[in-house]
Amino acid sequence: MLAISNLYKTYGDVIALDGCTFAVEPGQLLGFLGPNGAGKTTAMRAIFNLIKPDRGSVTWRGEPIDPQIRRSFGYMPEQRGLYPKMRVKDQLVFLGRLHGMERRMANTQAALWLERLGLAERAGDRLEELSHGNQQRVQLAAAVVHDPELLVLDEPFSGLDPIGVGAMTEILSEYAARGTCVVFSSHQLDLVEDLCEDVVVINEGKVALDGAVRDLRNATDHRYLEIETSNASPDWLRGIPDTEFLSADGPTVRLKVPTDFDFAEVLRNTAGTTIERFSFLPPTLSEIFREAVGQ
Amino acid sequence: MMRQAVLLVARREFIERGRSKAFLISTAFTLVLIAAIVVVPTLIGGDDATTWTLGSVGVIDGDMVSDIDALSGLDVTVVGASFDTVGAAEAALEDGDVDLVVVAGKEILTVEHTSQTLIALTTFTLESRARLDRMRELGLSESEISELNSPTYTTRTIGDVSVGPSANELIAVMGTVLLFISIITYGQWVLTGVVEEKQSRVIEVVLGAIEPRHLLAGKVLGIGGLALIQLIALLGEGFILVSAFDLVDLPATSLGAAGVIVLWFILGFALYATAYAAAGSLVDRMEDAQNAAFPLTLVLMAGYFIASFSFDTDNPILRAASLFPLFSPMAMPLRQARGDATPVEIIFAVAFMVAAIWFVIRLAGRIYTGAALRTGGKVKAREAWNSPDR
């Protein structure tokens, strides 16, 4: 288990981390969310000792992370990059071996990953000769070639086409399924909602939300009530006690209501309008996120 | 594992750069250049290897030819040619086929351009033989003849004034030039290698797995190893060609002189390459690399210029430079190979240098560690030194 406890980090006057605390369990696929500048990258870099926090600790299975343990982690930084002039397979073997693999094992794994990512024929090409999309694939292979126990990816979906997103999703789920701790940051909240059971949202260096997406959605004190009526002018839905009129799109109206809202309040005001359809919805991840970060 | 990380990085640098076009072409070019420097003058100067042809009317006296050949010294070969008539000999002399003709052991025929030395040697040889014959006719015994012929003087050579450079002087100068070129070329490779890792951002992936100081050490070792092999190959080529073309006599100490060049290359490279790496870590664009390293390149070139102004003789400035660690890699091998440095000077120079390397590795290592992950413009050395993320 990876545990990040009470991390503080300042750069001059800028507070990057302000008591950040969360954990990743084996087999968990954790979405790590936050607006730009919230401290996601700083927290991820702290796991790899790339920055030294002012205070706080990062532990793995309850122990401080030494270089030996760190070698068993996999990392895809936000700023992508490999050796431009190095041959693709040599590159993967080199990085695999830096992570402590034997030469033969590194060779086998590199070949397997290239095969899987459809790059077997490009194994002997220099990285710079590959298209942007293919370079991204090699970057992913570089993070996982040594079969990491913890996989940390900073914005792995940025810049990927839908096919790339599909492949990435599959690989992340696969690693989580076999017991790896997987944590990744992303701004694509719909995607995170589909992919992750659990999320951590940080804002201004602090954890604002931490838990299962379903629980977080259910735990909110409001729901969205969507009502479709036969009447094209739904103004009668304004001013119902305890509700907030959010929007109207033709005959469809969206209201924000308390969790314990009594639908009878609506029925009491229909004034002859037929209700065609209605639904109660918990907020989406995207809405929870915006509330948590105060926007 | 730590050692393994260093070796893996070193191996990558060695292999990737060793098979790069830049390395292969520059090595091939330098090998050819050295061959040209050594061999071409020998081929062009082939006419200087003088052969004098001594003509004789009647059967030539082989002993006379070999006597003159022996007296003429190493650079000249004397061969004989026989002619049946005086007319034929004169014709050959006029055509330049022979340089001088002896007629019946009594008369010497020459042309205007006949070497005065050859005339003198021939005259001397003929007179000596005539004198010997006269002595025998007078009935002197062999011991008396030998007594009369023994020299009445001795020859003493004063000072050690030699014409042209000795083998070790040649190695000292050529070696210093090679050493300087190697340090500056491969030091720049370390510089650009570090910048390339920052520019391509691969640095973050690598440092996610290993420590910055191991990356630094591996890089300097790998590139240094490649440079060392090239330097040894070039020195070896020089040795083989010089021996093959008999340019100068290579005394046994020459190998020692070459060893000195190699030793100082290792020391100089360790110092300068580490410093170049630190300079490179301060910038993240290739365009800024040379600027960041400029002060370093300037110091390195100053050391070389001090040495190059003293290629002929030892002098106090060179002596001082040979003890000063930033300059000693260029100044000391020159003095040592030439035999000008005393053992005490050598010991101090090496000791100072080792201390300086230790100091620079600590300084550069800290700057490198503090700056390697900082991107987005230049980092000040002071900021890198004080980086909290070291």
Side-chain angles (χ1 to χ4, degrees), chain A residues 9-12 16 41-42 44-54 66-87 90-103 106 126-128 135 138-139 142-143 145-146 148 150 152-154, chain B residues 1-23 189 192-215 218-219 222 284-286 366 369-376 379 383 386-390:
Chain A
K9 178 73 185 175
T10 55
Y11 291 104
T41 297
T42 309
M44 290 179 159
R45 284 181 160 190
I47 299 171
F48 291 89
N49 200 34
L50 296 170
I51 60 126
K52 300 241 187 318
D54 302 334
D66 64 22
Q68 182 69 40
I69 294 174
R70 196 175 308 117
R71 249 183 286 277
S72 71
F73 297 170
Y75 180 41
M76 183 195 257
E78 183 184 12
Q79 302 275 12
R80 309 276 195 274
L82 293 169
Y83 290 103
K85 299 207 182 299
M86 199 171 176
R87 285 157 184 79
D90 292 351
Q91 189 133 228
L92 293 179
V93 172
F94 171 66
L95 291 171
R97 297 199 67 200
L98 280 190
H99 282 97
M101 296 178 94
E102 293 300 322
R103 183 199 306 244
R126 293 171 198 278
L127 184 85
E128 63 187 1
Q135 290 191 21
V138 179
Q139 190 90 40
V145 68
H146 57 290
L150 166 72
V152 178
L153 308 100
D154 201 350
Chain B
M1 196 60 214
M2 162 200 134
R3 211 186 62 196
Q4 199 193 339
V6 173
L7 289 180
L8 282 169
V9 174
R11 183 175 175 273
R12 191 198 88 84
E13 295 290 344
F14 189 88
I15 292 176
E16 288 299 313
R17 289 172 189 281
R19 64 183 184 188
S20 71
K21 282 204 188 79
F23 178 76
W189 279 28
T192 53
V194 168
V195 178
E196 190 186 65
E197 278 174 351
K198 281 190 81 173
Q199 190 171 21
S200 72
R201 316 279 183 181
V202 70
I203 184 95
E204 199 168 343
V205 175
V206 175
L207 294 189
I210 64 171
E211 304 297 306
R213 59 180 196 282
H214 297 155
L215 178 59
K219 192 172 278 293
D284 60 0
R285 294 189 313 159
M286 239 15 138
R366 181 161 165 176
T369 310
L373 277 172
R374 300 270 292 269
T375 51
V379 184
E383 276 174 39
N386 291 322
S387 167
D389 293 327
R390 269 182 305 109

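Labels below follow one simple rule: chain letters A, B, ... track the order of the sequence lines, proteins then strands, and each chain is numbered from 1.
Listed here is the closest heavy atom pair of Leu8(B) and Arg97(A): CD1-O, 3.3 Å. Residue Leu98(A) comes nearest to Ala5(B) through the heavy atom pair CD2-O, 4.4 Å, listed as atom of the first residue, atom of the second, then distance.
Rounded to the nearest 0.5 angstrom, Glu128(A) CD and Ser200(B) OG are separated by 10.5 Å. Atoms OG1 and CD, on Thr41(A) and Glu204(B) in that order, are 8.0 Å from each other to the nearest 0.5 Å.
The contact between Glu197(B) and chain A is made entirely by side chain atoms (from C-beta outward), counting heavy-atom distances below 4.5 Å. Residue Arg80(A) touches chain B through its backbone alone, counting heavy-atom pairs closer than 4.5 Å. Neither the backbone nor the side chain of Arg126(A) has a heavy atom closer than 4.5 Å to any heavy atom of chain B.
Both cation-pi conditions hold for Arg12(B) and Tyr83(A): the charged atom is under 6.0 angstrom from the six-membered ring centre and inside a 45 degree cone around its axis.
If you tally non-hydrogen atom pairs under 4.5 Å between each of Ala372(B), Pro212(B), Gly208(B) and chain A, the highest count goes to Gly208(B). For chain B, the option among Leu95(A), Val152(A), Leu82(A) with the highest count of heavy-atom pairs below 4.5 Å is Leu82(A). In terms of non-hydrogen atom pairs under 4.5 Å with chain B, the most contact-rich of Met76(A), Arg70(A), Gln79(A) is Gln79(A).
With contacts defined as side-chain heavy-atom distances shorter than 4.5 Å, the pair Glu78(A)/Arg201(B) does not qualify. Between Pro77(A) and Val205(B), some side-chain heavy-atom pair lies under the 4.5 Å cut-off.
A salt bridge does not link Glu196(B) to Lys85(A): none of the charged nitrogens lies less than 4.0 Å from a carboxylate oxygen. With respect to Asp90(A) and Arg19(B), a salt bridge is recorded, a charged nitrogen being found less than 4.0 Å from a carboxylate O.
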